[in-house]
J.: 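Sharing a structure below in structure tokens format, with a few things to ask.
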Amino acid sequence: QVQLVESGGGTVQAGGSLRLSCAASGRTFSSYAMGWFRQAPGKEREFVAAISWRFGGTYYADSMKGRFTISRDNAKDTVYLQMNSLKPEDTAVYYCASSPRGIRSTMDEYEYWGQGTQVTVSS
């Protein structure tokens, strides 16, 4: 009942930046927080960052701190992931997800997922 659509992925050279967007629609009142995850080929999906709609509290994976920033625009029902100083190891499919509970870092706490957007960082 919550639809999520990611956009903004693409190919960028190492050291460059990208900003991903995730637009939410449907029964968005049931969403307490949004999270970003990523999955590289042959690897498990990993947590990147999360943010609450109401107060904007944030939570980052330790490995993402300093380069990635999550934000939201409540009027547009949209969350963003600003990615700076990108490295080839950041190459992955990036997914956004909606949680009806608090800010969480595990996939089983999220009920709705977008289709993902590909990010490729070239060296």
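All values reported here derive from a predicted model rather than from experimental measurement. Along the sequence shown, residues are numbered consecutively beginning with 1.
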J.: Is it the case that more than 12 heavy atoms not belonging to Glu44 sit under 6.0 Å from its CD atom?
T.: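 Not more than 12 within 6.0 Å, no.
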
J.: Taking Ser25's backbone N and O only, do any of them form a donor-acceptor pair with Thr28's side chain (distance below 3.5 Å, no angle check)?
T.: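 Flag not set: sc Thr28 to bb Ser25 has no pair under 3.5 Å.
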
J.: Specify whether Phe47 and Tyr59 have parallel, tilted or perpendicular ring planes, treating 30° as the upper limit for parallel and 60° as the lower limit for perpendicular.
T.: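 Tilted.
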
J.: If the plane angle is over 60° it's perpendicular, under 30° parallel, otherwise tilted; pick one for Phe37 and Tyr110.
T.: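 Correct class here is perpendicular.
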
J.: Identify the heavy atoms of Ser123 and Ala14 that sit nearest to each other, and give their distance.
T.: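 Residues Ser123 and Ala14, closest heavy atoms: CA-CB, 4.5 Å.
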
J.: Do Met107 and Tyr95 sit in the same hydrophobic cluster, where Ile, Leu, Val, Met, Phe, Trp and Tyr count as joined when their side-chain heavy atoms come under 4.5 Å apart?
T.: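 Yes, one cluster joins them.
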
J.: Do the side chain of Glu111 and the main chain of Pro100 share a donor and acceptor less than 3.5 angstrom apart?
T.: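 A pair under 3.5 Å: no.
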
J.: Measuring from atom OG of Ser98 to atom CD of Glu109, what distance do you get when rounded to the nearest 0.5 angstrom?
T.: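 It comes to 12.0 Å.
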
J.: Tell me, with the steps shown, if Arg67 and Asp90 meet side chain to side chain contact (heavy atoms under 4.5 Å, CB included).
T.: CA-CA 11 Å; Arg67 296 191 299 122; Asp90 294 320; 2.7 Å; yes

J.: Using 0.5 Å steps for rounding, measure from the OG atom of Ser31 to the OH atom of Tyr112.
T.: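 These two atoms lie 9.5 Å from each other.
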
J.: Do Glu6 and Tyr94 come close enough that some side-chain heavy atom pair is under 4.5 Å?
T.: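 Sidechains of Tyr94 and Glu6: no contact.
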
J.: Begin with the C-alpha distance, continue with both residues' side-chain angles, and end with the deciding distance and a verdict on side chain to side chain contact (heavy atoms under 4.5 Å, CB included) for Leu81 and Phe68.
T.: CA-CA 7 Å; Leu81 184 68; Phe68 292 6; 4.2 Å; yes

J.: Do Ile51 and Ile103 have side-chain heavy atoms sitting under 4.5 Å apart?
T.: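 No; the side chains remain at least 4.5 Å from each other.
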
J.: Check the pair Ile70 / Met34 against side chain to side chain contact (heavy atoms under 4.5 Å, CB included), numbers first and verdict last.
T.: CA-CA 10 Å; Ile70 190 170; Met34 299 289 290; 5.6 Å; no

J.: Taking side chain as C-beta onward, heavy atoms only, is Thr91 less than 4.5 Å from Val119?
T.: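 No, side chains not in contact.
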
J.: Take Tyr32 and Ser99, measure what side chain to side chain contact (heavy atoms under 4.5 Å, CB included) needs, and give me the verdict at the end.
T.: CA-CA 6 Å; Tyr32 177 86; Ser99 171; 5.7 Å; no

J.: Minimum heavy-atom separation for Arg54 and Arg72, please, with both atom names.
T.: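 Looking at all heavy atoms of both residues, the closest pair is O-NH2, 3.5 Å.
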
J.: More than 12 non-hydrogen atoms from neighbouring residues, nucleotides or ligands closer than 6.0 Å to CD on Gln13, yes or no?
T.: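 No.
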
J.: State, yes or no, whether a side-chain contact exists between Arg38 and Glu46 at a heavy-atom distance under 4.5 Å.
T.: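 In short, these two side chains touch, coming nearer than 4.5 Å.
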
J.: Are Trp36 and Val12 connected in a single hydrophobic cluster, I mean Ile/Leu/Val/Met/Phe/Trp/Tyr linked by side-chain heavy atoms less than 4.5 Å apart?
T.: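 Looking at the clustering, Trp36 is in the same group as Val12.
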
J.: If hydrophobic clusters are built by linking Ile, Leu, Val, Met, Phe, Trp and Tyr wherever their side-chain heavy atoms come under 4.5 Å apart, do Tyr60 and Met83 end up in the same one?
T.: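 Yes, it is one cluster - the side chains of Tyr60 and Met83 are joined through contacts under 4.5 Å.
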
J.: Locate the shortest heavy-atom distance separating Leu18 from Gly8; write the atom from each residue and the value.
T.: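 Nearest heavy atoms, Leu18 then Gly8: CD2-O, 3.9 Å.
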
J.: Are the side chain of Gln82 and the backbone N or O of Arg19 linked by a donor-acceptor pair below 3.5 Å?
T.: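 Checked: no pair found.
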
J.: Under a 3.5 Å distance rule, please check whether Thr120 uses its side chain to pair with a backbone N or O of Thr11 as donor and acceptor.
T.: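 Side chain of Thr120 to backbone of Thr11: no pair is present.
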
J.: Which atom pair, heavy atoms only, marks the closest approach of Leu4 to Cys22?
T.: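 Here Leu4 and Cys22 meet closest at CB-SG, 4.0 Å.
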
J.: Would you say Asp73 and Thr78 are linked by a side-chain donor-acceptor pair, where the criterion is simply a distance under 3.5 Å?
T.: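 No.
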
J.: Please check if Leu86 and Tyr80 belong to a single hydrophobic cluster, counting links between Ile, Leu, Val, Met, Phe, Trp and Tyr side chain heavy atoms closer than 4.5 Å.
T.: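 No: no chain of side-chain contacts under 4.5 Å links Leu86 to Tyr80.
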
J.: Can you tell me how far CZ of Arg101 sits from OG of Ser52, rounded to the nearest 0.5 angstrom?
T.: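 The CZ atom of Arg101 is 15.0 Å from OG of Ser52, to the nearest 0.5 Å.
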
